Amino acid sequence: MAEDCFLKAVKARRSRYALEGKSPVPKEQIVRTIQQAVQHTPSAFNSQGTRVLVLFGPKHALFWQLVLEELRKKVPADHFAPTEEKIASFAKAYGTVLFFEEWKTVEALCEKFPTYKDNFPIWAYQANAMTEWVIWTALEQLGLGASLQHYNPLVDQAVEQHFAVPSSWKLVAQMPFGKAVAPAAEKTFLPVEQRVLVEE
């Protein structure tokens with residue numbers, strides 16, 4: 001059944017940190033998959049405020065170099081080695097997806113529907129999170145491992161300076177992806193009955 005295929009994909013999606021700069025599918029297929037995910041993920045009022053920037057090759061490497069440089073300003077030198085190793089692992093990946101919200105969209109909705117103005121930023125982040133999850137799951141289906149990182153707002157200014165994104169795009173998350181070279185870590189679960197209640 002279609003539901004079984006969907007849930008199988010949901011279960012397969014995991015955080016994968018050991019990645020290498022290879023892909024079992026062409027870049028064009030990755031881009032098409034991400035485009036479809038962005039286009040068909042729902043958003044409040046069909047606002048479609050989520051934006052993504054897909055980085056390959058030198059641009060992918062540049063992003064993680066920028067992250068490293070910003071972290072070097074914050075992390076003491078005698079404690080920097082683990083941080084450098086972690087960022088290097090992301091830089092070894094095949095590419096990175098940067099997730100943004102177009103904040104002009106949020107502001108326009110707040111102005112047009114003032115009754116819901118406190119909710120629009122929340123709903124925007126919810127739509128962004130759904131897009132992250134859809135892309136993450138779709139990449140897994142393509143045979144690519146990925147993880148979700150949050151080096152914003154630390155690198156926001158550097159991203160605006162080095163990549164062609166409008167200043168109204170607010171960086172939300174980063175997703176390095178590539179060929180997984182190690183299995184995902186073991187995952188534990190709370191009893192689902194504690195999390196899902198049913199009443200009749």
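Being a predicted model, the structure only gives us computed values, none of them experimental. Count residues from 1 along the sequence. Reckoned from all heavy atoms, side chains included, excluding hydrogens, waters and symmetry mates.
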Glu101 side chain to Thr50 side chain, donor-acceptor N/O pair below 3.5 angstrom = yes

query = What heavy-atom pair brings Ala158 and Leu66 nearest, and what distance separates the two atoms?
reply = O-CD1, 4.1 Å

key: Test log, rule side-chain hydrogen bond (donor to acceptor under 3.5 Å, both in side chains), inputs Glu85 and Thr83   = CA-CA 5 Å; Glu85 183 178 349; Thr83 297; over 6 Å; no

ask   = For the residue pair Trp133 and Phe99, is the inter-centroid distance of their aromatic rings smaller than 6.0 Å?
value = no

Phe177 reachable from Val10 in the ILVMFWY side-chain graph, under 4.5 Å edges = no

key: Interatomic distance, Phe100 atom CZ to Thr131 atom OG1 [nearest 0.5 angstrom]   = 13.5 Å

request  = Determine, stepwise, if the pair Leu190 / Arg195 fulfils side-chain contact (heavy atoms from CB on, under 4.5 Å).
outcome  = CA-CA 8 Å; Leu190 291 171; Arg195 302 179 64 193; 4.2 Å; yes

query = Val97 and Phe163: same hydrophobic cluster, using ILVMFWY side-chain contacts below 4.5 Å?
reply = no

task = State plainly whether one hydrophobic cluster holds both Val134 and Leu7, where clusters connect Ile, Leu, Val, Met, Phe, Trp and Tyr through side-chain heavy atoms under 4.5 angstrom apart.
result = yes

ask   = Do Tyr151 and Ile87 come close enough that some side-chain heavy atom pair is under 4.5 Å?
value = yes

ask   = Between Lys73 and Glu70, is there a side-chain N and carboxylate O pair less than 4.0 Å apart?
value = yes

query = Roughly how far, to the nearest 0.5 Å, is CZ of Phe63 from NE2 of His162?
reply = 12.0 Å

ask   = Got a salt bridge between Glu140 and Arg16, using NZ or NE/NH1/NH2 to carboxylate O under 4.0 Å?
value = yes

ask   = How many angstroms lie between CG in Leu98 and CG in Leu55, if you round to the nearest 0.5 Å?
value = 4.5 Å

key: Cys110 vs Val106 side-chain heavy atoms within contact, under 4.5 Å   = yes

ask   = Just by distance, with hydrogens left out, do Ser43 and Trp123 show a side-chain donor and acceptor under 3.5 Å apart?
value = no

key: Shortest non-hydrogen separation from Ser23 to Leu144 and the atoms involved   = OG-CD2, 3.8 Å

request  = Please state whether the rings of Phe56 and Tyr94 are parallel, tilted or perpendicular, taking 30° and 60° as the class boundaries.
outcome  = perpendicular

key: CA sep, side-chain torsions, deciding dist, call: Lys27, Arg32, side-chain contact (heavy atoms from CB on, under 4.5 Å)   = CA-CA 9 Å; Lys27 290 179 185 176; Arg32 283 196 306 272; over 6 Å; no

query = What do the steps show when you test Val67 against Gln174 for side-chain contact (heavy atoms from CB on, under 4.5 Å), and what is the final call?
reply = CA-CA 11 Å; Val67 173; Gln174 308 85 48; over 6 Å; no

ask   = Considering residues, nucleotides and ligands other than Gln157, do more than 12 of their heavy atoms fall under 6.0 Å from its CD?
value = no

query = Between Thr188 and Glu186, does any side-chain donor sit less than 3.5 Å from a side-chain acceptor?
reply = no

Heavy-atom closest contact (Leu139 atom, Ala146 atom, distance) = CD1-CB, 4.4 Å

query = Is it true that Leu148 and Leu142 fall in one hydrophobic cluster, defined by side-chain heavy atoms closer than 4.5 Å?
reply = yes

ask   = Which atoms form the tightest heavy-atom contact between Tyr17 and Ser147, and what is the distance?
value = CE2-CB, 3.6 Å

Exceeds 12 heavy-atom contacts within 6.0 angstrom, atom CD of Gln161 = yes

message = Are Ile34 and Val52 packed together at the side-chain level, in the sense that at least one heavy-atom pair is separated by less than 4.5 angstrom?
response = yes

inquiry  = For a 4.5 angstrom cut-off between non-hydrogen side-chain atoms, does Leu71 reach Leu154?
reply    = yes

pair Lys8-Gln141: side-chain heavy atoms closer than 4.5 Å = no

ask   = With distance as the sole test, does His60 use its side chain to make a donor-acceptor pair with the main-chain N or O of Ala91 at under 3.5 Å?
value = yes

ask   = Going from CE on Met175 to CD1 on Ile135, what distance comes out if it is rounded to the nearest 0.5 angstrom?
value = 6.5 Å

Heavy-atom pair with the smallest gap, counting every atom of Thr41 and Ala127 = CG2-O, 4.1 Å

ask   = Any donor and acceptor pair, going by atom type alone, linking the side chain of Arg51 with main-chain N or O of Gln48 inside 3.5 Å?
value = yes

request  = Check whether the ring centres of Phe45 and Phe120 lie less than 6.0 Å apart, and answer yes or no.
outcome  = yes

request  = Could you give me the CA-CA distance, side-chain angles and deciding distance for Val25 and Ile30, then say whether side-chain contact (heavy atoms from CB on, under 4.5 Å) is met?
outcome  = CA-CA 7 Å; Val25 297; Ile30 295 171; 3.7 Å; yes

inquiry  = Using 0.5 Å steps for rounding, measure from the NZ atom of Lys170 to the CG atom of Asn128.
reply    = 11.0 Å

key: Any Glu132 side-chain heavy atom under 4.5 Å of Trp136 side chain   = no

message = Give me the atom names and distance for the closest heavy-atom approach of Leu68 to Glu84.
response = CD1-CA, 3.8 Å

ask   = Should we count OH of Tyr116 as having more than 12 external heavy atoms under 6.0 Å?
value = no

task = Would you kindly confirm whether Tyr125 and Leu171 end up in one hydrophobic cluster when ILVMFWY residues are joined by side chain heavy atoms under 4.5 Å apart?
result = no

task = Kindly compute the distance separating CH2 (Trp64) from OG (Ser89), expressed to the nearest 0.5 Å.
result = 8.0 Å

key: Under 3.5 Å: donor-acceptor pair, side chain of Glu20, backbone of Lys22   = no

